[in-house]
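Reviewing the structure listed below.
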There are 2 protein chains.
Amino acid sequence: MQKRAKIAKTPGKREKNKELRRGQLIRATIRSVARRGFAETTMADVTKEAGLSLGLVNLHFKSKDKLMEETLRYLSEEYESACYAAMASAGPSAADKMRALVELDFSPKVCDRRKLAVWFAFWGETKSRPTYQQICARNDRRYEKIITDLCQEIIEDGGYTGISPVTMASGLSALVNGLWLDLLMTPEDMPVENALQISFFFLSHAFPNHFTSA
Amino acid sequence: MQKRAKIAKTPGKREKNKELRRGQLIRATIRSVARRGFAETTMADVTKEAGLSLGLVNLHFKSKDKLMEETLRYLSEEYESACYAAMASAGPSAADKMRALVELDFSPKVCDRRKLAVWFAFWGETKSRPTYQQICARNDRRYEKIITDLCQEIIEDGGYTGISPVTMASGLSALVNGLWLDLLMTPEDMPVENALQISFFFLSHAFPNHFTSA
DNA sequence: TAACTTTGAATGAATACTCATTCATTTTTA
DNA sequence: TAAAAATGAATGAGTATTCATTCAAAGTTA
């Protein structure tokens, strides 16, 4: 009893290191997938990138597949919390929050070519991997819910007609994903400012009283 | 001389079969990548899928990498000629042609989950493979040129102001790519009709005299 | 507190396996 | 018959995973 309580309270150096290692390996995986691609990333790459020994991935994650899965989950969660943070520090109105989310999507934190490469690497494998499919779908739905609710509020506030919040939300998130693809593939032809401009162009045409193109 | 002339004129059974085999192998690659994913597709999968012997890929394509490259090129060219065909059989105006292109993008021929899976599989690997990058970029540029020119014409025809053809074209093609991603990942949440509706929603807001939402 | 024991993290050489590629042989075409 | 295409067993390079061993931290005892 005494023992159990003690262990539960303080994580101890061991526990802490374990989490540290997992994080280290996940971040190394991201770097390696960004550099070499999904198909070419080996355990040796990852562990070398992390500055750790070869056997560690199997110790902490059981298998390469599980490591990849956890990496996808990590990216998902990171993005999700960034969204909540952006909304929290934005102005109070739905339009303010929407603006903050779009700006987040093209901010250096989210819209970094290394991370985009990893997202697309996973998306490329998703069709044939049910687990990735699940993680991504769960993520997508949560995100679309947020955007849909914001659209709903904006539509009510502006008295816009002929626009469904679901249509608008799906369109906006598709647009952002498509712009990310351009940013990844032909960054010379699509600077971030253009991507932002296009997104706000889309918003301003649908919600002219809430957004401007510039 | 006679012989040479003959060979140059008619491809001959040999030449024909060679092309036939190459096509068979490429189509088998598409099926395999769609089913198993890029990373998991092996030579054995491809040749078995094609009903041919293991060594044939190396005979006809030199290496697996080259096969993949040719497969990407095949998809690119197929899409490009479908675009030209759609435009040719559309009405004469720029808006007609634009409508035809968007409809093509969501027609069964182009917007088939197997093919979408392969596109995204390649895009996922593109960052780390310069050759793919090149093929894709060349493709993208040609496509954006077509769309940009159509936008230009529509803008002039409608006297629209405050809209740049390049912005509009980039936006539209990003939107289509993003919708394809949704169609691939969560087809239950994004039926083709919705995707079409969203695309025309975007067009109708920018070019209200040329397109309607419904 | 100090000495001892147990636990489990970390290592990387060895293992076991997968898979692209080669090539000797057979079959088909001209 | 000569040349090309096709076959698939054999090869060997590359890689995920295992595991005996080392070592640091946590727990126990006196």
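Letters A, B, ... are given to chains in the order of the sequence lines, protein chains preceding strands, and every chain is numbered from 1.
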Return the 5'-most residue of the pair B:N58, A:L56 with respect to DNA chain C, ranking by each residue's nearest nucleotide.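 It is A:L56, whose closest nucleotide lies nearer the 5' terminus.
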Once you round it to whole Å, what is the distance between [atom2] of [N] and [atom1] of [X]?
| X | N | atom1 | atom2 | value |
| --- | --- | --- | --- | --- |
| A:M68 | D:dT15 | CE | P | 13 Å |
| B:L52 | D:dG8 | CG | C1' | 13 Å |
| A:N17 | C:dA10 | CG | C1' | 11 Å |
| B:L54 | C:dC23 | CG | P | 15 Å |
| B:D45 | C:dC19 | CG | C1' | 10 Å |
| A:K62 | D:dT17 | NZ | C1' | 11 Å |
| A:E40 | D:dT15 | CD | P | 8 Å |
| B:L59 | C:dT25 | CG | P | 18 Å |

By the 4.0 Å heavy-atom rule, please label B:T47 as base, sugar-phosphate, or nothing.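 Result for B:T47 = nothing.
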Among A:V176, A:L183, A:L179, which one satisfies side chain to side chain contact (heavy atoms under 4.5 Å, CB included) with A:C111?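 The option that passes is A:L183.
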Look at B:R21 and D:dA6 and indicate whether a side-chain polar atom (N or O) is within less than 4.0 Å of OP1 or OP2.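 For D:dA6, OP1 or OP2 has a side-chain N or O of B:R21 closer than 4.0 Å.
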Short side-chain N/O contact from B:K18 to OP1 or OP2 of D:dA5, under 4.0 Å: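 B:K18 to D:dA5 OP1/OP2: side-chain N or O found under 4.0 Å.
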Salt-bridge contact B:R22-B:E19 (side-chain N to carboxylate O under 4.0 Å):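 Salt bridge between B:R22 and B:E19, a charged N being under 4.0 Å from a carboxylate O: yes.
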Quick one: do B:E40 and A:R129 make a salt bridge, cutoff under 4.0 Å?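 So B:E40 pairs with A:R129 through a salt bridge.
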Aromatic rings B:Y143 and B:Y79: how do their planes relate, parallel, tilted or perpendicular, breaks at 30° and 60°?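 Rings of B:Y143 and B:Y79: tilted, as their planes differ by 30° to 60°.
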Nearest to the side chain of A:T42, heavy atoms from C-beta on, is which of C:dA10, D:dT15, C:dA20?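 The nucleotide sitting nearest to the side chain is D:dT15.
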Could you check which of D:dA16, D:dA6, D:dA10 has an atom nearest any side-chain atom of A:M43?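 Among the listed nucleotides, the one closest to the side chain of A:M43 is D:dA16.
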Evaluation steps, salt bridge (Lys or Arg N to Asp or Glu O under 4.0 Å), between A:R73 and A:E77: CA-CA 6 Å; A:R73 228 185 289 278; A:E77 280 163 18; 5.6 Å; no
